Amino acid sequence: MAMALTCLVIATVFSLSVAAPEGPLISRIAFGSCANQTSPQPIWDAIVNFKPQVFIWLGDNIYGDIRRPFKLFGNERTIGPWKNVPRFVPSSEDEMQAKYKIAKNNHGYSRLREITKVIGTWDDHDYGLNDAGKEFKHKDTNQKLMLDFLDEPHDSPRRKQAGVYASYTFGPEGRQIKVILLDTRYHRDPLRSDGTILGPAQWKWLEKELTSPPSALTIIGSSIQVLSNLSACTGPLFYMESWGRFPSDRKRLFNMISSSKRDGVLFISGDVHFGEITRFDCGTAYPLYDITSSGLTQAVEKVIPSFLHFGLRFLAWITPTTMRVINNNCKHKSCTYGQPNFGVVQVNWEENPVSLRFEVRGVSGEVVNSVSISLPDLQIKNKNKKDVEVNDHKHKHCHLEVDLPWLTRHRLAILFSFFVAVLIVVQVGALYVVISLMVKCLRKCKLD
């Protein structure tokens, strides 16, 4: 038994890299997440028109779990202090399979599959249950269904390992792009535990991938945000999943990238139902970028009336952030985008130096957020040093959200509490005025 387990770990560590034969130069990559299979999906037209050579799923490729409605009263209460049933429950295998079939047969997505190499990983809703981690019982069954959706070959190592992580290498030597897709679900410890996201075998595999022969660009796909940790500023009102909620693992990731001395590393992510571009200058010897695209159908502004969009954008603007790139290329002042969107990485190999452009695009293909840099910006300046120095804290994007002053961090909660207090005062005042008028009226009637 021990020998079998050892062999499995060795196979896991050494076989999960797919090197494409030296082929066409890759210059256009698109990616996206959060696509509800029962919702209209017009965004595929814009993605197809972009003509990506690779498309990357970043999770929530379907919404497989069942979401019960908000109920404060009744036999099945999903919210409130008297909650007695979970709001999300897993679907059966047949139900999951039916949902994947709907997604795969979508006309727009079918057109994309005809012209583009499609790869991907998963997040919680296609894993099978909202916010689930390693404790989820149906993960092995759902792994098979997810790999079937991606047309993974039957002899693929991904079908034999614990988790869906994988890597791919595209393009000719000297101009290669390596894509590393992480599994942030199968081995993840409970939230608030500061445990592990990836698990021992996946960490060992990732280290091997980062120390493998160099590539011009290395894109690490994570279903949850790597750099941004907005929960540090939105709590206790609400929380979002991110690597920032597992600070030890995030620090380990930055250290692993730094010690590998690998150039050209950047992140792409999904999950949060809005798009943004973030940057961290003090994780490695060069800036790390995280292009977040979420979602293809699910977006924060779609769940509220249009007349409230301005208020939501204002809240996004005043929410403290240390990582978000704020520039003049954003459609909204907050540099977040709360409508359906997809992400883009473009490489211009003909320019000298090679240029990179990261974009978030809307449902019509319009650019709503972008950052342009050159490839040398993602390279270590002096590799001859034994230990690569991490950037110092003089840079703009060098502080974590958890290190912000208390009043700044909790600005949203303070404003919300103030608003609620004012609302209560106004209601009490209005009630007092109504009662006073009624008493006056009664006295007058009595005197008459």
Side-chain angles (χ1 to χ4, degrees), residues 29 31 177-180 182 206 209-210 214-222 224-230 232 242-244 247 249-270 272 275-293 320-330 334-336 343-349 351-360 367 369-385 387-404:
I29 295 174
F31 56 93
I177 295 178
K178 187 181 185 76
V179 178
I180 298 174
L182 303 178
L206 179 59
E209 292 297 326
L210 290 173
S215 54
L217 198 63
T218 299
I219 300 173
I220 300 179
S222 167
I224 57 175
Q225 290 186 300
V226 179
L227 300 186
S228 179
N229 180 23
L230 285 178
S242 69
W243 278 74
D249 251 21
R250 183 168 68 166
K251 185 176 181 181
R252 181 179 181 180
L253 178 62
F254 293 158
N255 289 342
M256 186 175 286
I257 294 170
S258 184
S259 62
S260 73
K261 299 185 179 181
R262 191 175 190 90
D263 287 333
V265 176
L266 63 96
F267 300 104
I268 56 176
S269 59
V272 291
E276 68 172 349
I277 299 173
T278 50
R279 167 177 171 168
F280 187 46
D281 291 345
C282 293
T284 63
Y286 54 84
L288 291 171
Y289 286 87
D290 187 354
I291 306 97
T292 299
S293 172
T321 175
T322 59
M323 307 279 191
R324 188 178 303 142
V325 177
I326 307 291
N327 58 28
N328 295 324
N329 302 325
C330 305
S334 67
C335 282
T336 61
V344 161
V345 173
Q346 295 191 80
V347 186
N348 190 334
W349 298 102
E351 286 194 2
N352 187 17
V354 174
S355 65
L356 305 173
R357 185 171 170 86
F358 313 140
E359 296 174 347
V360 177
V367 178
N369 196 346
S370 68
V371 169
S372 297
I373 61 172
S374 65
L375 191 58
D377 292 334
L378 301 183
Q379 293 174 350
I380 301 168
K381 306 307 178 191
N382 187 358
K383 285 192 176 182
N384 294 324
K385 290 186 178 182
D387 295 314
V388 175
E389 293 181 4
V390 173
N391 285 337
D392 60 37
H393 283 68
K394 296 178 182 178
H395 293 76
K396 180 180 179 182
H397 301 279
C398 239
H399 299 282
L400 303 176
E401 289 92 343
V402 293
D403 296 329
L404 288 170

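What's counted below: heavy atoms across the whole structure, side chains too, no hydrogens, waters or symmetry copies. Residue numbers start at 1 and run along the sequence shown. For clarity, every value in this text was computed on a predicted model and none was experimentally measured.
- In this structure, the side chains of S228 and E276 come closer than 4.5 Å at one or more pairs of heavy atoms.
- At least one donor-acceptor pair closer than 3.5 Å links the side chain of T322 to the backbone N or O of H399.
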Full working for side chain to side chain contact (heavy atoms under 4.5 Å, CB included) between R279 and D281: CA-CA 7 Å; R279 167 177 171 168; D281 291 345; 2.5 Å; yes
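- Partners of A232 under the side-chain contact (heavy atoms from CB on, under 4.5 Å) rule, at least two apart in sequence or in another chain, are N229, E401, V402, R409.
- Every residue two or more places apart in sequence or in another chain was checked for a ring-ring contact (aromatic ring centres under 6.0 Å, His included) with F267, and none qualifies.
- In this structure, W349 and A216 approach most closely via the heavy-atom pair CH2-CB, 3.7 Å.
- The two atoms that bring D263 and Q379 nearest to each other are OD1-CA, 3.4 Å, heavy atoms only.
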Evaluation steps, side chain to side chain contact (heavy atoms under 4.5 Å, CB included), between L217 and L356: CA-CA 10 Å; L217 198 63; L356 305 173; 3.9 Å; yes
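- T218 meets the side chain to side chain donor-acceptor pair (under 3.5 Å) test with S215, R262; sequence neighbours excluded.
- Evaluation of the side chain to side chain donor-acceptor pair (under 3.5 Å) rule for T321 yields no partner, not counting sequence neighbours.
- The closest side-chain heavy-atom distance from V265 to I220 is below 4.5 Å.
- Between atom CG of residue L230 and atom CZ of residue R324 there is a gap of 6.0 Å, rounded to the nearest 0.5 Å.
- Under the side chain to side chain donor-acceptor pair (under 3.5 Å) criterion, N369 pairs with no residue, sequence neighbours left out.
- The side-chain contact (heavy atoms from CB on, under 4.5 Å) with I219 is formed by just one residue from the set I291, I180, I29; it is I29.
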Side chain to side chain contact (heavy atoms under 4.5 Å, CB included) between N329 and V367, worked out: CA-CA 8 Å; N329 302 325; V367 178; over 6 Å; no
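- Residues R252 and L206 fail the side-chain proximity criterion, which asks for heavy atoms closer than 4.5 Å.
- Remark: Y289 engages F358 in a ring-ring contact (aromatic ring centres under 6.0 Å, His included) (not counting sequence neighbours).
- Atom-to-atom distance recorded for L266:CG and L378:CG is 6.5 Å, nearest 0.5 angstrom.
- Judged by distance alone, with hydrogens and angles left aside, the side-chain atoms of Y286 form no donor-acceptor pair with the main-chain N or O of K381 at under 3.5 Å.
- Atom OG1 of T278 sits about 10.5 Å away from atom CD1 of I326, to the nearest 0.5 Å.
- Put simply, the side chain of S259 gets close to the backbone of N255: a donor and an acceptor are under 3.5 Å apart.
- With a 4.5 Å cut-off on side-chain heavy atoms, L182 and W243 count as touching.
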Trace of the side chain to side chain contact (heavy atoms under 4.5 Å, CB included) decision for L227 with Q225: CA-CA 6 Å; L227 300 186; Q225 290 186 300; over 6 Å; no
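- With sequence neighbours left out, S293 forms a side-chain contact (heavy atoms from CB on, under 4.5 Å) with F31, N341, F342.
- Taking CD1 of I380 as the reference point, atom OG of S260 lies at 7.0 Å (rounded to 0.5 Å).
- Residues meeting the side-chain contact (heavy atoms from CB on, under 4.5 Å) test with P353, sequence neighbours left out: S374, P376.
- Qualifying side chain to side chain donor-acceptor pair (under 3.5 Å) partners for N327, counting only residues two or more places apart in sequence or in other chains: none.
- For the atom pair L288 CG and M323 CE, the distance stands at 9.5 Å (nearest 0.5 Å).
- Scanning both residues, G244 and P247, for their nearest heavy atoms gives O-CD, 3.6 Å.
- Not counting sequence neighbours, the partners of R357 by the salt bridge (Lys or Arg N to Asp or Glu O under 4.0 Å) test are E359.
- Between the side chain of S269 and the backbone N or O of S222 there is no donor-acceptor pair closer than 3.5 Å.
- Atom CG in L253 sits 7.5 Å away from atom CG in L210 (nearest 0.5 Å).
- A search for side-chain contact (heavy atoms from CB on, under 4.5 Å) contacts involving S355 returns N348, E351, not counting sequence neighbours.
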